[in-house]
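Numbered from 1 within each chain, the chains take letters A, B, ... in sequence-line order.
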Amino acid sequence: MDTYLERLNPEQREAVESLDGPVLVLAGAGTGKTRVLTTRFAHILLSGRASPGQVLAVTFTNKAAREMRERVGHLLQRPVEGLWLGTFHALCARMLRRHAEYVGLTSSFTILDTDDQLRLLKQVMELHRIDAKRWPPPGLMGAIQRWKDRGLTPDRITPSEDTDFAGGKARQIYADYQERLAQLNAADFGDLMLHIVEILRTRPDVLAQYHRFFRYILVDEYQDTNTIQYLWLRLLAKREGAAANICCVGDDDQSIYSWRGAEVENILRFEKDFPGAKIVKLESNYRSTAPILAAASGLIAHNEGRLGKTLRPGRNDAEGEKVLVASVWDSDEEARMVGERIEQLQRDDHRLSEMAILVRAGFQTRAFEERMITLGLPYKVVGGLRFYERQEIRDAIAYMRVMNQPSDDLAFERIVNVPRRGVGDVAMQALHMAARSERIPMTAAVLKLLADGTLKGRVREQLGLLMTALGHGREALAQASDEALLAGPSHVRVVEALLEDAGYVAMWKKDKSPDAPGRLDNLKELVRALVEFDTLGGFLEHVSLVMENDENAGADRVNIMTLHGAKGLEFDSVFLPGWEEGLFPSQRTLDEGGNKGLEEERRLAYVGITRARKRALISHAANRRIYANWQSSVPSRVVEELPEEHGEHRGAAAGARELSRSAPPVFGSQFGGQFPLMARRPRTAEAWEQPARPSRAGGIAVGARVFHQKFGYGVVTGADDSKLDVEFDKAGLKRVLDSYVEPVIGSDSGAPS
DNA sequence: GTCGTTGCGTTTTTT
DNA sequence: ACGCAACGAC
């Protein structure tokens with residue numbers, strides 16, 4: 001009976017068994033965080049403390065929720081139903097459907113996707129006559145989202161926060177945007193949380209109901225919670241006269257989402273909010289070898305203000321290969337080297353799916369993809385555009401939404417002229433006018449303008465066909481329930497017919513572009529997915545909350561993904577390319593976030609290294625092609641922070657570095673070819689130290705005329721160790737790394753070259 | 001109303 | 001270099 005507890009180490013066991021009162025579990029990478037969470041869940045149920053429906057378990061991704069559900073079921077040795085287990089958004093949507101009327105919605109409200117949100121915001125901004133050039137709608141959308149992330153409804157926006165955008169009109173636009181959402185009976189993603197928090201704040205009766213309901217709360221990835229999620233948790237957890245049975249699991253060292261509103265501070269203030277909280281640290285790592293752990297620990301130790309965990313090897317067999325650092329000439333050579341190493345591992349019977357190339361930014365994947373194609377190695381880019389984000393899928397879903405809910409104006413606007421039906425600005429204006437003046441949905445406005453003869457010619461004919469197709473579909477859907485018992489889910493056929501009759505399928509069949517057949521396949525795939533649901537409405541709820549991509553799972557492929565995308569995953573072999581100043585740490589993060597930004601980049605590096613079970617290969621290139629031109633780069637400072645004794649440094653490019661800044665890029669590939677990297681004898685120990693960082697500051701004097709790849713020509717106005725202040729002719733005063741600039745030869749300043 | 005040209009920006013991403 | 005979005009010409 002208690003065997004599941006015996007499989008835990010003492011810390012894990014403490015985290016699982018401390019059921020009364022608040023618990024914060026600080027779980028380092030690979031220390032069994034998920035195991036603790038799922039076992040705790042099972043333990044609550046098996047010890048009879050609560051029934052499945054009385055536990056609230058929250059995750060960030062659907063994947064994590066699914067995994068937890070499976071593992072809990074496995075521990076209980078039966079599938080569990082009626083759980084409140086899901087993502088923040090899915091759980092909030094579920095709650096909001098029960099109390100929608102408190103925020104002016106009905107329980108059948110629609111959830112908007114990002115396209116819809118932006119289209120709606122643009123409309124509101126147009127009404128305010130905001131110049132979209134000067135104040136780009138996506139910017140304001142972002143601001144609104146951040147407000148929502150912080151729990152700020154329009155009435156809570158202070159004037160000082162408002163002035164930033166659109167000349168002080170942002171608050172008003174936000175308010176109008178919310179107003180329009182309410183009219184449309186719609187909520188965007190942020191609203192799911194914002195509305196429910198508003199309800200819990202203002203309706204003590206509703207809050208009390210949930211307090212009675214949820215006896216235990218479990219939270220995964222707590223370091224990633226933003227303010228509104230924190231508020232939601234706190235409201236639900238803090239009960240009058242009872243201990244808060246909330247257990248949050250997180251790792252401050254893996255907080256990498258501050259740029260989208262996550263507040264690590266939520267971890268730090270846990271003890272303040274929940275007095276008497278028990279803190280359990282999990283530090284035994286069962287995933288990685290000792291050198292990998294040492295490298296990761298040494299690196300993260302450079303951060304300040306940590307809660308201070310140390311990872312120690314949890315297994316006896318944890319010795320292993322050193323972490324490699326490779327210096328290469330350019331990004332092409334880097335891809336070649338990684339490819340070779342992958343082939344080598346493959347020859348040694350390692351599975352491709354146990355290898356991952358983790359990059360800082362999306363554009364880096366291309367070089368590796370190309371290399372994999374040349375070598376004939378199967379690969380998958382994880383987290384590219386997801387299935388439900390593809391144009392044809394969104395269009396098809398918009399068709400379904402309109403059929404399901406004729407008042408869904410945003411979905412209607414998306415498809416009204418797809419395929420082209422001759423509906424342009426003029427016709428749209430007329431439809432908007434009619435809809436607004438009569439206070440009717442757009443589809444009703446179309447019927448009206450068709451009836452009164454305002455619409456003529458081709459538009460009239462085409463829109464007539466569209467409305468007929470939608471009408472037929474809707475009728476068939478209404479009858480579907482009778483028929484369903486006999487013929488299986490008929491909504492599948494209804495949707496098929498709709499996409500045919502509306503000319504949507506024909507549009508892609510006519511399309512001669514190479515990706516049209518693929519899009520038709522995707523549409524078939526979408527229709528197939530419908531079978532899993534009893535009703536069209538159920539399916540639509542699913543797609544708006546669960547945007548994921550399960551394609552070609554299971555096949556043996558090399559994984560290529562961003563470091564962010566890799567969080568929570570693990571692989572035997574991990575490749576970490578592009579560890580160069582400017583790219584990783586990213587220049588932009590440094591510019592915007594200063595030292596805090598740097599620390600987050602360092603955490604990202606920590607996440608990267610700790611993904612590896614057996615081996616990690618870090619690399620940096622002296623030259624990288626960014627957009628059109630080549631840029632020379634210096635190794636990331638993060639590379640220098642790796643502890644020496646656990647790594648090995650290899651590379652041909654070290655000596656080449658001096659050359660790199662002045663040599664024409666065409667040299668690059670030739671040079672790389674002459675020094676096959678992996679064939680070189682590794683230099684150990686002392687080689688860990690960076691090959692003397694090219695210190696140009698000494699070489700470039702104040703007053704020197706220089707050239708910078710991005711900013712053009714300029715004059716140096718100041719210098720300190722590796723940074724230069726340069727007054728550029730076109731771009732103005734910038735602070736740049738000395739290695740990014742070239743002295744201009746033959747100018748009056750006479751810098752040595 | 002549609003098609004072609006110009007111009008800007010280009011980290012990370014879930015739901 | 002490239003892709004997308006907005007604008008102007010047919």
Side-chain angles (χ1 to χ4, degrees), chain A residues 58-65 86-94 96 111-114 116-119 122 131-134 136-139 142 145 148-149 187-194 220-221 224-226 228-229 255-262 358-366 382-386 388-389 391 417 419-429 457-459 462 541-549 561-568 578 582-593 597 600-601 603-605 607-608 625-630 710:
Chain A
V58 208
T59 64
F60 270 85
T61 63
N62 290 298
K63 195 174 158 213
T87 63
F88 278 100
H89 295 273
L91 293 167
C92 284
R94 188 168 160 191
L96 192 54
I111 300 168
L112 302 189
D113 67 20
T114 44
D116 296 329
Q117 288 176 37
L118 205 58
R119 213 163 330 118
K122 275 183 192 161
D131 179 8
K133 272 260 169 63
R134 196 149 165 238
Q145 240 150 27
K148 290 186 175 180
D149 283 347
D188 68 17
F189 261 99
D191 285 340
L192 296 177
M193 298 235 44
L194 189 70
D220 192 16
E221 304 280 16
D224 288 338
T225 50
N226 61 32
I228 189 119
Q229 289 160 341
S255 157
I256 54 174
Y257 283 115
S258 72
W259 51 272
R260 67 176 198 209
L358 309 182
V359 296
R360 173 67 240 267
F363 70 82
Q364 289 173 268
T365 60
R366 217 171 104 189
V382 183
L385 59 148
R386 285 176 293 277
Y388 289 109
E389 278 171 8
Q391 186 195 340
N417 205 30
R420 301 230 175 277
R421 297 190 174 92
V423 183
D425 278 352
V426 181
M428 276 315 275
Q429 287 297 331
R458 196 172 100 89
V459 186
Q462 294 289 310
E541 174 84 358
H542 171 81
V543 292
S544 53
L545 290 171
V546 184
M547 294 271 194
E548 63 187 326
N549 173 18
M561 64 182 97
T562 63
L563 286 159
H564 285 91
K567 195 166 94 159
L583 177 60
F584 188 31
S586 136
Q587 191 56 51
R588 193 151 151 192
T589 302
L590 257 31
D591 292 346
E592 285 166 12
E600 181 145 317
E601 297 284 293
R603 290 194 291 269
L604 199 50
V607 167
R625 206 191 163 99
I626 291 181
Y627 310 124
N629 33 19
W630 287 84
K710 191 166 156 204

Practice prompt. Using the P atoms only, state how far B:dT13 lies from C:dC2, rounded to an integer number of Å.
Written response: 23 Å
Fill in: Non-neighbouring partners of A:Q117 that pass side-chain hydrogen bond (donor to acceptor under 3.5 Å, both in side chains), sequence neighbours left out
A:Q145
Worksheet item: If you pin A:F88 and A:E601 to their nearest nucleotides in DNA chain B, which one's is more 5'?
Response: A:E601
Worksheet item: Can you check the A:Q587 CD to B:dT10 C1' distance for me, whole Å?
Response: 15 Å
Discussion item. Checking A:T589 now: which residues fulfil side chain to side chain contact (heavy atoms under 4.5 Å, CB included) with it, not counting sequence neighbours?
Written reply: A:R360, A:S586, A:E601
Item to complete: List for me each residue that meets side-chain hydrogen bond (donor to acceptor under 3.5 Å, both in side chains) alongside A:Q391, sequence neighbours excluded, and say none if there are none.
Response: none
Fill in: Ring-base stacking, A:W259 with B:dT12 (5.5 Å, 30° cut-offs)
yes
Worksheet item: Of all residues at least two apart in sequence or in a different chain, which pass the salt bridge (Lys or Arg N to Asp or Glu O under 4.0 Å) check with A:D188?
Response: A:K148
Worksheet item: Who passes side-chain hydrogen bond (donor to acceptor under 3.5 Å, both in side chains) against A:D591, sequence neighbours left out?
Response: A:Q587
Practice prompt. Let me know the distance between CD1 of A:I256 and C1' of B:dT12, rounded to the nearest Å.
Written response: 8 Å
Discussion item. Between A:Q429 and A:V426 (side chain of the first, backbone of the second, donor and acceptor by atom type, cut-off under 3.5 Å), is there such a pair?
Written reply: no
Fill in: Candidate pair A:H89 and A:Q229, rule side chain to side chain contact (heavy atoms under 4.5 Å, CB included), full reasoning
CA-CA 9 Å; A:H89 295 273; A:Q229 289 160 341; 4.3 Å; yes
Item to complete: Compare side-chain N and O positions of A:T562 against OP1 and OP2 of B:dT13 and report whether any pair is under 4.0 Å apart.
Response: yes
Worksheet item: To the nearest angstrom, how far is A:E389 atom CD from B:dT15 atom C1'?
Response: 10 Å
Worksheet item: What is the distance from CG of A:L545 to P of B:dT13, rounded to the nearest Å?
Response: 21 Å
Discussion item. Looking at B:dT14, I'd like to know if its phosphate oxygens (OP1 or OP2) sit under 4.0 Å from a side-chain N or O belonging to A:N62.
Written reply: no
Discussion item. Let's see if you can work this out: which of B:dT14, B:dT12, B:dT15 has an atom nearest to the side-chain heavy atoms of A:H564?
Written reply: B:dT12
Discussion item. Regarding A:E592, tell me which of base, sugar-phosphate or nothing describes its non-hydrogen contacts under 4.0 Å with the strands shown.
Written reply: base
Discussion item. Given 3.5 Å as the limit, does a donor-acceptor pair link the side chain of A:H564 with the main chain of A:I256, or not?
Written reply: yes
Discussion item. Whole angstroms only, please: what is the CD-P distance between A:Q391 and C:dC4?
Written reply: 10 Å
Discussion item. Can you list everything that forms a side-chain hydrogen bond (donor to acceptor under 3.5 Å, both in side chains) with A:S255? Sequence neighbours excluded, please.
Written reply: none
Discussion item. Mind checking if A:G362 touches a base, just sugar-phosphate, or nothing, with heavy atoms under 4.0 Å?
Written reply: sugar-phosphate
Worksheet item: In whole angstroms, how far is the P atom of B:dT15 from the CG atom of A:D220?
Response: 13 Å
Fill in: For DNA chain B, the dot-bracket pattern of Watson-Crick and G-U pairs whose distances stay under 3.5 Å, | for other-strand partners
||||||||||.....
Discussion item. So, using ring pair (Phe, Tyr, Trp, His ring centres under 6.0 Å) as the criterion, who are the partners of A:F60 when residues are at least two apart?
Written reply: A:F88
Worksheet item: Between B:dT11 atom P and A:Y257 atom OH, what is the distance in whole Å?
Response: 16 Å
Provide a list of protein-nucleic acid N or O atom pairs under 3.5 angstrom, restricted to nucleotides 1-4 of chain B.
from  : atom 1 : to     : atom 2 : distance (Å)
B:dG1 : OP1    : A:G424 : N      : 2.9
B:dG1 : OP2    : A:D425 : N      : 3.3

Item to complete: Decide yes or no, distance alone: a donor-acceptor N/O pair under 3.5 angstrom between the base of B:dT14 and the side-chain of A:T61.
Response: no
Worksheet, complete the sentence: From NZ of A:K122 across to P of C:dA6 the rounded distance in Å is 5 Å
